[in-house]
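Heavy atoms only: backbone and side chains are in, while hydrogens, waters and symmetry mates are out. Convention: sequence-line order gives letters A, B, ...; per-chain numbering from 1.
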2 protein chains.
Amino acid sequence: MNEDDLFRALADPTRRAIFEKLAAGSMNASVLREGMGISQPAMSQHLSVLRSAGLVREERQGRFVNYEVDPDGLTHIAQWLSKYRAYWPARIEALKALLKDMDQ
Amino acid sequence: MNEDDLFRALADPTRRAIFEKLAAGSMNASVLREGMGISQPAMSQHLSVLRSAGLVREERQGRFVNYEVDPDGLTHIAQWLSKYRAYWPARIEALKALLKDMDQ
DNA sequence: TCAATACATAAGCAGTTGCTTATGTGATTC
DNA sequence: GAATCACATAAGCAACTGCTTATGTATTGA
């Protein structure tokens with residue numbers, strides 16, 4: 001779970017779509033695959049990449065494997081991003097709102 | 001300058017190193033290449049990728065081309081990240097500090 | 001226990017990536 | 001204006017990626 005794995009995992013649009021879908025709520029690999037237009041092994045491989053990047057974690061439930069967003073990966077990106085805060089324009093309203101949320 | 005270009009640009013460790021070096025201060029491609037162990041064309045190609053991703057911008061100065069961090073790319077990543085704020089653990093102190101900086 | 005289900009792994013392949021050397025293009029300097 | 005310097009582009013190539021089909025491995029239920 002290093003920086004390289006993280007950015008490389010997010011570099012693929014299909015994996016970002018999977019991640020985004022999981023962010024809406026945890027689900028198993030089969031449900032996750034619905035409407036994505038890829039084979040079952042492809043999904044399994046993508047989930048493996050996301051998992052070793054720390055973006056997703058799994059929990060076996062019977063013969064299903066439930067996947068959910070792992071905050072660790074997101075935290076790592078936030079830390080990477082924070083290194084460059086000197087370059088952020090002051091007018092990022094969305095981010096300001098985010099910070100206010102975090103103060104609660 | 002879409003999301004795909006952004007994450008794909010950051011997926012390469014050499015490009016992240018270039019970006020990090022530029023974050024410490026703008027400089028031209030030759031100075032940037034010092035100690036990086038890649039050829040001049042390789043550097044030119046990396047800078048081209050970073051530029052079309054919106055992470056870096058250039059300004060010709062005589063026969064030199066000065067490169068600097070483009071805040072647009074970072075803003076875009078921050079926006080992407082903010083979509084998943086629901087999953088951030090409350091204890092991200094670094095980010096909290098960042099937010100306080102931005103309120104000024 | 002045997003068939004079915006959910007998922008992972010193996011193997012192979014076409015397309016992409018990052019690098020190199022070679023060459024082209026502006027800008028400067030003599 | 002010819003040589004030089006800073007950088008970009010072209011072409012080619014080895015390595016990597018993301019996909020497929022085929023097969024393996026747990027888990028469940030009849």
Side-chain angles (χ1 to χ4, degrees), chain A residues 1-22 25-70 73 77, chain B residues 1-22 25-70 73 77:
Chain A
M1 195 279 230
N2 54 41
E3 214 155 75
D4 221 83
D5 292 335
L6 246 181
F7 283 109
R8 219 176 300 175
L10 292 171
D12 183 71
T14 303
R15 275 193 296 268
R16 284 201 309 281
I18 291 169
F19 183 77
E20 195 151 347
K21 205 166 175 182
L22 274 181
S26 69
M27 62 190 86
N28 63 56
S30 295
V31 175
L32 203 47
R33 192 162 79 91
E34 287 169 10
M36 298 268 306
I38 56 172
S39 67
Q40 177 267 316
M43 173 58 75
S44 185
Q45 288 157 17
H46 280 311
L47 286 169
S48 173
V49 171
L50 287 168
R51 199 170 76 87
S52 47
L55 284 161
V56 145
R57 60 190 175 197
E58 66 181 59
E59 185 190 359
R60 189 167 259 280
Q61 287 179 347
R63 63 183 160 185
F64 295 84
V65 177
N66 210 265
Y67 283 91
E68 63 180 355
V69 167
D70 186 343
I77 296 177
Chain B
M1 196 278 230
N2 54 40
E3 216 156 74
D4 221 85
D5 291 336
L6 246 181
F7 283 109
R8 218 177 301 175
L10 291 171
D12 183 70
T14 303
R15 275 194 295 268
R16 284 201 309 279
I18 292 170
F19 183 78
E20 194 152 347
K21 205 168 176 182
L22 273 181
S26 68
M27 62 190 85
N28 63 56
S30 296
V31 175
L32 202 50
R33 191 163 79 91
E34 286 169 11
M36 298 268 307
I38 56 171
S39 67
Q40 176 268 316
M43 173 58 75
S44 186
Q45 287 158 17
H46 280 310
L47 286 169
S48 173
V49 172
L50 287 168
R51 199 169 77 86
S52 46
L55 285 162
V56 145
R57 59 189 175 200
E58 67 182 56
E59 185 189 1
R60 189 165 260 281
Q61 287 179 347
R63 63 182 160 186
F64 295 83
V65 176
N66 211 265
Y67 283 91
E68 63 180 356
V69 168
D70 186 343
I77 295 177

Counting primed atoms, P, OP1 and OP2 as sugar-phosphate and everything else as base, the B/S/- map of nucleotides 18-25 of chain C against protein heavy atoms under 4.0 Å is SBBBB---
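- Closest approach of A/Arg33 and A/Ile38 over heavy atoms only: NH1-O, 2.7 Å.
- A distance-only check finds no donor-acceptor pair linking the side chain of B/Asp70 to the backbone of B/Gly73 [under 3.5 Å].
- Contacts with DNA chain C (heavy atom under 4.0 Å) in residues 51-64 of chain A: A/Arg63, A/Phe64, listed by number.
- For DNA chain D, none of the residues of residues 26-36 of chain A falls under the heavy-atom distance limit of 4.0 Å.
- Side-chain nitrogen and oxygen atoms of B/Tyr67 include at least one within less than 4.0 Å of the OP1 or OP2 phosphate oxygen of D/dA8.
- Atom CE in B/Met43 sits roughly 16 Å away from atom P in D/dT9 (whole-Å rounding).
- A/Arg57 places no side-chain N or O within 3.5 Å of a backbone atom of A/Glu68 that could act as its donor or acceptor partner.
- Of all heavy-atom pairs between A/Ala17 and A/Met36, the closest is CB-CE, 4.4 Å.
- The two residues A/Val31 and A/Lys21 have their closest heavy-atom pair at O-NZ, 3.8 Å.
- Judged purely by atom type and a 3.5 angstrom limit, A/Ser52 uses its side chain to pair as donor or acceptor with the backbone of A/Ser48.
- In this structure, CG of A/Asn66 is placed 14 Å from P of C/dA6, rounded to the nearest angstrom.
- With hydrogens and angles ignored, the 3.5 Å screen pairs a side-chain donor or acceptor of A/Arg60 with a backbone N or O of A/Gly62.
- The side-chain contact (heavy atoms from CB on, under 4.5 Å) test with B/Glu58 is passed by exactly one of B/Leu50, B/Leu47, B/Val65: B/Val65.
- Of the possible donor and acceptor atoms, one in the side chain of B/Arg16 sits under 3.5 Å from a partner among the backbone N and O of B/Leu10.
- Across all non-hydrogen atoms, the minimal contact from A/Ala9 to A/Val49 is CB-CG1, 3.8 Å.
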